[in-house]
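So the structure is just underneath, and the comments pick up after that.
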Amino acid sequence: MPAITLPDGSIRQFDGGVTGTDVAAAIGPGLAKAALAMQVDGKLVDLAEPIVSDAALRFITRRDPEALELIRHDTAHVLAEAVQELFPGTQVTIGPSIENGFYYDFARNEPFTPDDFVAIEAKMREIIGRGARFQRSVVSREDAIDLFTKKGERFKVELIRDLPESETISLYSQGDWIDLCRGPHMRSTADIGTAFKLTKVAGAYWRGKPENPVLSRIYGTAWRDQKELDAYLHMLEEAEKRDHRRIGKEMNLFHLQEEATGSIFWHPKGWKLYRTVEDYMRRRLDRADYQEVKTPQLVDRRLWEASGHWEKFRHAMFQAKVEDKDEADRIYALKPMNCPCHVQIFNQGIRSYRELPLRMAEFGACHRFEPSGALHGIMRVRAFTQDDAHIFCEEHQIAEETVRFVALLSGIYRDLGFSEFRVKFSDRPEVRAGDDATWDRAEGALKEACAIAGVDFELNPGEGAFYGPKLEFVLRDAIGRDWQCGTLQVDFVMPERLDAVYAAEDGTRKRPVMLHRAILGSFERFLGMLIEQYAGRFPLWLAPVQVVVATIVSDADPYAREVKAAFDKAGLRVEFDLRNEKINRKVVDHIEQRVPVLAVLGRREAELGQVVLRRLPGREQEVFSLAEAVAHLAKEANPPDMAALPADAVAA
RNA sequence: GCUGUUGUAGCUCAGUGGUAGAGCACUCCCUUGGUAAGGGAGAGGUCGAGAGUUCAAUCCUCUCCAACAGCACCA
């Protein structure tokens, strides 16, 4: 006699067991038609699932956000059926729904290519048109293994074998096609609709392990209706226009070329942007009591052996030798990170607890031989500059330093236009240095610090650094990919390995704790994010060219020089456009170049000593006297950390 | 590194087994025009690199390099 409580609070009684289908029908034909699945006591299940005891029930219709996940998962099943119909002998593996869509991994000697999509999509539409019911059945482990062994599906068999004993094994069939699946699903393939599209193919290792066979993965996107699908595809197109690689080219900020794979050639405008951010960061660090240092690029391998990096990361380190025969046996490595060098500075002389926490910062140029497939524009490169710092402190200072760090990072992200970011907490990896007790302390300290700092994090199990747990501050790029930028890592291991000590208050020698931390992560990656964040239309203080002085007639050239000189003097980044082109043309060109302000000068302005300012890409213009224009723009061009200061103090 | 795709002028791209084309950009000329592309002329390419097949390769085959998408990696 289940009593079913509906979301509006009403309760319905039923005699004996009922299914969601029954309840929906009892409520009304509209709902019976619209219900795709249901939530029973918060758990999403098939509509056909029996409800045997009192429960809170909520129906899922196409309007609910949960419908998207169901549609995507169902579409993955249909994809698999279509592929097996078209390409007999292909084995199925797994096919989950993901953000914006789904994928399915297939084992096939010949990988799929995008050319196969037309046929596969057509077959999928045919299967959806058949409207076969999704039928759930529960089977024993033996029967399931037997079934998939007979079908030649060895990956499914492996999956079943690895399921825990307690797991119920369920199968879903749609017509003649059957798959191992936890569910839930909608009523039939017809519920999927037609708003889906296959998007790309990729190789993917079986179970994510490089030693396993490579499967052929087909990605797709699926939505509730065509309008949503179109909107998504349009959003992707728009996002591509923000791509930092594209904007970098269009704005002439940087380039990459074969001879220096993974290293950036910064052009004048790109470097101006870089320097603007660097100058800003340096001011912030100075003010936050960091001491800036600079350490060597080339360091003897002995130091890397001592730190443990040689053993773990040698394959990814650039090594250098010289021809001199006395030095021939010596191997140097380009530093892949700065921490061992910073410890060397810490180790000069005798440190006292009074000096702690000691915050040692470096804009450290590092090189790592990243796998070729990992390279990505300027976001993942082989030569990069970390805004690195190491905080040497006592264990009881970890929490306070974390709080200070999070505050500094948040302020900087806000200034740079990133008010939202996610934090991941990565704990001990399988391969690591240091014993479990040390890891317990490090993880405990970092977690406690997060609680005090009010940091909400998601757990990222097993993803910590080999020497300690870390917080990752993650930003999202234009097309939705996540990138780790900031980080904070607690390290009890490196001070031990490199023998860092200080004299404690009681006169004994103690090991400091090292906090590795970066805010931008690397300038290169962060600038990539920044370019995408603003789509190249930077706020005035960041814009590499802040103002272009454009003339309407060449008679205004002398006045233009005067105007530019006045802007220059106020510290503004100004360029001329005295070309023999019409003003219309100049406006278009500088909009394309994403120049924030155009100062337009004609005969009239020259005579009256005025400047017409137009904010690009807008159409509005304002007329100022030259002095007003300079003051106005100089004020706006102030970096946010200097905005509180009077403009003349900044200019000086 | 793995799977797939791509590589032609500075940029975006078309094209062909008989040594190449467009638009924009560039140079010059005309035009001095008041806020989203004025007109004309010209110059510019070992068709990513190497090898092979062929009478002949930018095009077909192989190897390498690089880029792109995803996977794996990320101190």
Side-chain angles (χ1 to χ4, degrees), chain A residues 103 105 108 110-116 199-219 240 243 245-246 249-250 252 255-262 304 307-317 335-340 366 368-377 380 386 388 426 429 432-433 463-468 470 472 479 481 483-484 487 489 491 493-494 516 521-522 525 550-557 579-592 598 600-605 612 614 616-621:
Chain A
Y103 68 78
D105 285 347
R108 182 171 178 245
E110 191 166 334
F112 296 103
T113 78
D115 294 339
D116 297 320
T199 52
K200 55 197 172 196
V201 289
Y205 302 114
W206 166 237
R207 297 188 146 181
K209 299 256 166 66
E211 60 272 21
N212 285 346
V214 177
L215 305 171
S216 184
R217 174 174 297 179
I218 297 179
Y219 281 93
E240 274 174 31
D243 191 307
R245 293 164 297 192
R246 177 172 172 157
K249 209 177 274 175
E250 287 171 359
N252 194 12
H255 85 271
L256 297 147
Q257 68 184 50
E258 285 195 26
E259 289 77 2
T261 306
W304 308 113
S307 69
H309 291 96
W310 188 259
E311 189 192 358
K312 193 160 191 313
F313 291 110
R314 184 177 51 221
H315 63 277
M317 287 165 67
K335 70 174 168 187
M337 28 100 76
N338 310 295
C339 16
C366 297
R368 296 178 184 176
F369 185 69
E370 301 285 9
S372 57
L375 300 176
H376 180 91
R380 183 96 182 258
Q386 295 179 325
D388 202 3
S426 301
R432 57 182 181 260
E463 297 293 322
F466 75 89
Y467 49 69
K470 63 176 179 180
E472 297 176 31
I479 63 169
R481 287 179 287 215
W483 295 88
Q484 179 199 307
T487 184
Q489 308 170 7
D491 181 5
V493 174
M494 205 58 60
H516 307 241
S522 83
R525 174 174 298 178
T551 49
I552 296 167
V553 291
S554 45
D555 285 354
D557 287 3
R579 289 177 304 164
N580 175 16
E581 291 290 350
K582 296 197 173 185
I583 191 63
N584 296 20
R585 180 46 173 275
K586 296 187 181 184
V587 168
V588 172
D589 285 348
H590 298 115
I591 288 173
E592 278 178 0
L598 192 65
V600 180
L601 308 176
R603 240 175 237 124
R604 190 160 64 228
E605 287 70 30
V612 177
R614 174 165 166 176
L616 301 182
R619 286 172 184 279
E620 314 74 52
Q621 9 178 337

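Quick note on labels: first sequence line is chain A, next is B, and so on, each numbered from 1.
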Can you find an N or O donor on one side and an acceptor on the other, under 3.5 Å apart, linking the side chain of [X] with the base of [N]?
{"X": "A:Arg245", "N": "B:C68", "result": "no"}
{"X": "A:Tyr205", "N": "B:G1", "result": "yes"}
{"X": "A:Glu605", "N": "B:G34", "result": "yes"}
{"X": "A:Arg368", "N": "B:C73", "result": "no"}
{"X": "A:Ser216", "N": "B:U3", "result": "no"}

The side chain of [X] lies closest to which of these nucleotides: [options]?
{"X": "A:Ser372", "options": "B:A75, B:G38, B:G1", "value": "B:G1"}
{"X": "A:Val214", "options": "B:C2, B:U35, B:A69", "value": "B:C2"}
{"X": "A:Arg481", "options": "B:G7, B:G38, B:A69", "value": "B:A69"}

How would you label the contact of [X] with the nucleic acid (heavy atoms, under 4.0 Å): base, sugar-phosphate, or nothing?
{"X": "A:Gly208", "value": "sugar-phosphate"}
{"X": "A:Tyr103", "value": "nothing"}
{"X": "A:Arg614", "value": "base"}
{"X": "A:Lys586", "value": "nothing"}
{"X": "A:Arg314", "value": "nothing"}
{"X": "A:His516", "value": "nothing"}
{"X": "A:Pro371", "value": "base"}
{"X": "A:Lys470", "value": "sugar-phosphate"}

Taking the [atom1] atom of each, how far is [N] from [M], in whole Å?
{"N": "B:A69", "M": "B:C13", "atom1": "P", "result": "14 Å"}
{"N": "B:C28", "M": "B:A56", "atom1": "P", "result": "45 Å"}
{"N": "B:U19", "M": "B:G40", "atom1": "C1'", "result": "31 Å"}
{"N": "B:A14", "M": "B:C24", "atom1": "C1'", "result": "15 Å"}
{"N": "B:G50", "M": "B:A57", "atom1": "P", "result": "14 Å"}
{"N": "B:A49", "M": "B:C59", "atom1": "P", "result": "10 Å"}
{"N": "B:C47", "M": "B:C55", "atom1": "P", "result": "22 Å"}
{"N": "B:C30", "M": "B:A67", "atom1": "C1'", "result": "43 Å"}

- [ ] Assign the ring pair A:His376 / A:Trp483 to parallel, tilted or perpendicular, where the plane angle (0 to 90°) is split at 30° and 60°.
- [x] tilted
Task: Who pairs with B:C11 - Watson-Crick or G-U, where each distance is under 3.5 Å - done: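 Because both required distances fall under 3.5 Å, B:C11 counts as paired with B:G23.
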Task: Partner nucleotide of B:U16 by Watson-Crick or wobble geometry (both distances under 3.5 Å) - done: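 Paired with B:U16, as far as the under-3.5 Å criterion goes, is no nucleotide at all.
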Open item on the list: Both A:Arg525 and A:Thr261 contact RNA chain B. Taking the nearest nucleotide for each, which residue is further toward the 5' end?
Closed with: A:Thr261
Task: Contact nearer the 5' end of RNA chain B, comparing A:Pro617 with A:Phe369 - done: A:Pro617
Task: Euclidean distance, atom NE2 of residue A:His590 to atom C1' of B:U35 [Å, nearest integer] - done: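 Atom-to-atom, A:His590 to B:U35, this comes out as 13 Å.
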Open item on the list: Among A:Glu592, A:Lys582, A:Arg614, exactly one meets side chain to side chain contact (heavy atoms under 4.5 Å, CB included) together with A:Val587. Which residue is that?
Closed with: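 Filter result, single survivor: A:Arg614.
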